[in-house]
Peer 1: 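Got a structure for you, written out below as structure tokens; questions coming shortly.
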Amino acid sequence: MILFLVNAIIVLFLAAPILVVMATAFTTTGYPVFPPEGFTLKWFARVFETGEFTDAAQLSALLAICATAIACTLGTLTALGLSRWKGRGQSALSAFVLSPILFPTIVLGLALLVFYSRIGLQGSFLGLVIGHSIITTPFVVRLVMASLSEFDPAVEEAARNLGAGWWRTFFQVTLPLIRPGVLAGGVFAFILSFDELVVTLFLAAPGMSTLPMRIFTFVQYSSEPTISAIATMLIVVWALIGVPLYARFLSIRHK
Amino acid sequence: MSTLKLQSLGKVFGNTAAVEKIDLEVGEGEMVAFLGPSGCGKTTTLRMVAGFVEPSSGSILVGGKDITRLPPNRRNMGMVFQSYALFPHMNVSENVAFGLKARHVPKGEIAGRITAALELVGLSGYEARYPKELSGGQQQRVALARVLALRPQLLLFDEPLSNLDAKLRVQMRHEIRTLQQEVGITSLFVTHDQEEAMTIADRIVVMNKGRIEQVGPPAEIYDNPRTRFVADFIGAANLVEGRLEGDVFQSARGARLDCAPPDFAPTGAPVVLSIRPEKIEILPGAGEGGTPGTVMRATKLGGLIEYVVELASGDTILVQKQDRSPADHLRVGEPVRVSWNTNDARLLP
Ligand SMILES: Nc1ncnc2c1ncn2[C@@H]1O[C@H](COP(=O)(O)OP(=O)(O)OP(=O)(O)O)[C@@H](O)[C@H]1O
Ligand SMILES: [Mg+2]
């Protein structure tokens, strides 16, 4: 009973701000108010009017997809390497690999900017992809390592013993067994990249704008509920695609 | 031809020698058990044969062919693991099919080979089950079917029964032995359970600290241990320290005990007399014949009675007797005489 109450309060605290923002998207006033006054969809139409937001959303999605692909590949291979290396520097190396998680992103952004200026990557899409990959890869490493820790190494040896080469062993045995970790890492990486602002601000070229950047500049100059409308759409998309994905791959383990 | 030959095979990890210069020949269809205390190098030896551990020295020959440098997937050996190591995301028939596909067995043949292998281990009808839906014994049978389906040249077992409960262990032991003889596959079986080794193997390799102490059929290992370690490790043994005075054994405490002539050249160095407790005759009263002593302790062990007898010299001897009737029981403090067939008391260097 008490447990239920605590849960209810937690859910309320998590859900309340989201619901409030969603409600303000429908207000007829020129700024977000709660409770909303009247009902209109004009702020939603506004989002698509100039194309600024849709272009930014496209860039963000493309960036997040590229960063996620890189993070999943590198992160999985790194985790496999780390879990197998029983030598001395193992813990030092894994601390190093995971360190970007602990790094203030503002420092990372500045460092990358300085570095990119030297090698001529500043303001490029590739530079952004690399920056986002650096931020997201450690999370994939972490999650894959977690799923590797409950992995019986004898299973891979059994596969080799049964005649499978390295390739077949990896794709038919290892990967299916660590898949929950890889997918969770991928979902995490995507959200992180899609949401990233600080490092992106340092690295983006003047004309380049990701969705978080676009929203950020917009709220500096305007208080229109357009922003609530964007937030509402993001929440709905996430609820329709992200949450079911997450539930399917994370909670329902292979039988 | 699937004989196995290990030639001065060794493995060093960092600066510890896990296995030192092992030489062994295993004949066609033979089942050889590796027996020894924890950490003696049994698993390392087996894993070198399987190709998971690269030998530091020596070579491995199967059917006369040197396979020392071959990767594990090209060795044609079937290994059964202690943890079963089934693929948890595949059902029973997919588990068995895995190796057949990996070895490019023609598609039309696969289904038949799966059925035959599952029948062999008595698991027909379990094709669609997942490993989690099977008991430990059933899982180990699937692991067995998985390797048998490949008709490997060699079967390798690393303590395959130690995760099972005692009763099932005994039953599976016999099943594995029967199957192995039926199929006639040359096999290595690692265990630290001597009863298991005794019942399952044609020959036993007793290992200690990375070396082979003795190789021989179970009865020979038991009745004729060649080293102190083997005498002490296998079954119970009385080990009496002493030296040879001419042809007679004299214990360190001064008892003169009957023994078989040594089968090594006596050097005057200390030797050990080894005799199994059940080979000793114990007679009540202080009469003629035998070495006199006193019963210090009597323990009933199921169908056996175990006596600890202290000889006049102070040496203690363990004696086991069938418990036939309470009338035969000896009391603590009672004077007795112990004797044995000279051939059962062996001298070890
Ligand atoms: N990968 C490794 N790295 C370092 N040392 C190892 C490694 N594998 C085994 N050893 C060492 O080699 C020795 C032999 O180990 P092994 O596993 O062969 O013993 P075992 O006879 O199988 O013992 P158990 O009955 O406990 O399984 C041990 O001292 C062990 O610590
Ligand atoms: Mg072992």
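Quick note on labels: first sequence line is chain A, next is B, and so on, each numbered from 1. Computed from a predicted structure; not experimentally measured. What you see below is based on every heavy atom in this structure, not just the backbone, and it leaves out hydrogens, waters and symmetry mates.
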Peer 1: At a heavy-atom distance under 4.5 Å, which candidate from B:A149, B:S83, B:A143 has the highest pair count against chain A?
Peer 2: B:S83
Peer 1: Taking everything shown except A:R142 itself, do over 12 heavy atoms lie less than 6.0 Å from its CZ?
Peer 2: no
Peer 1: How many angstroms lie between atom NE2 of B:H89 and atom CG of A:L175, to the nearest 0.5 angstrom?
Peer 2: 9.5 Å
Peer 1: Can you tell me which portion of A:D152 sits under 4.5 Å from chain B's heavy atoms? Options are side chain, backbone, both or neither.
Peer 2: side chain
Peer 1: Around A:F103, counting heavy atoms of other residues, nucleotides and ligands shown, do more than 12 lie under 6.0 Å from its CZ?
Peer 2: no
Peer 1: Can you tell me if OH on B:Y126 sees more than 12 non-hydrogen neighbours from other groups inside 6.0 Å?
Peer 2: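 No, not enclosed.
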Peer 1: Give a yes or no answer on whether the side chain of A:N161 reaches the backbone of B:M77 with a donor-acceptor pair at less than 3.5 Å.
Peer 2: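 At least one qualifying donor-acceptor pair exists.
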Peer 1: For B:A85 and A:A158, work out which heavy atoms get closest and say how close.
Peer 2: O-CB, 3.7 Å
Peer 1: Of the non-hydrogen atoms in A:R160 and B:F52, which two are nearest, and what is the gap between them?
Peer 2: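 Between these two residues, the closest heavy atoms are CB-CE2, 4.1 Å.
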Peer 1: For A:R84, does the CZ atom have more than 12 heavy-atom neighbours from other residues, nucleotides or ligands under 6.0 Å away?
Peer 2: yes
Peer 1: List the atom of A:L177, the atom of B:P88, and the distance in Å for their closest heavy-atom pair.
Peer 2: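 Reported closest heavy-atom pair: CD2-CG, 3.4 Å.
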Peer 1: Against chain A, label B:R146 side chain, backbone, both or neither, depending on which of its atoms sit under 4.5 Å from a heavy atom there.
Peer 2: both
Peer 1: Using heavy-atom distances under 4.5 Å, tell me whether A:Q172 contacts chain B through its side chain, its backbone, both, or neither.
Peer 2: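 Contact with chain B involves both backbone and side-chain atoms of A:Q172.
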Peer 1: Below 4.5 Å from any heavy atom of chain A, which atoms of B:L86 appear? Answer side chain, backbone, both or neither.
Peer 2: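 The backbone, not the side chain.
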Peer 1: So does A:L14 have more than 12 non-hydrogen atoms from other groups sitting under 6.0 Å from CG?
Peer 2: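 It does: A:L14 CG has more than 12 such atoms within range.
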Peer 1: For chain A, which of B:G99, B:P71, B:G14 has the most heavy-atom pairs under 4.5 Å?
Peer 2: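 Top option by heavy-atom pairs under 4.5 Å: B:G99.
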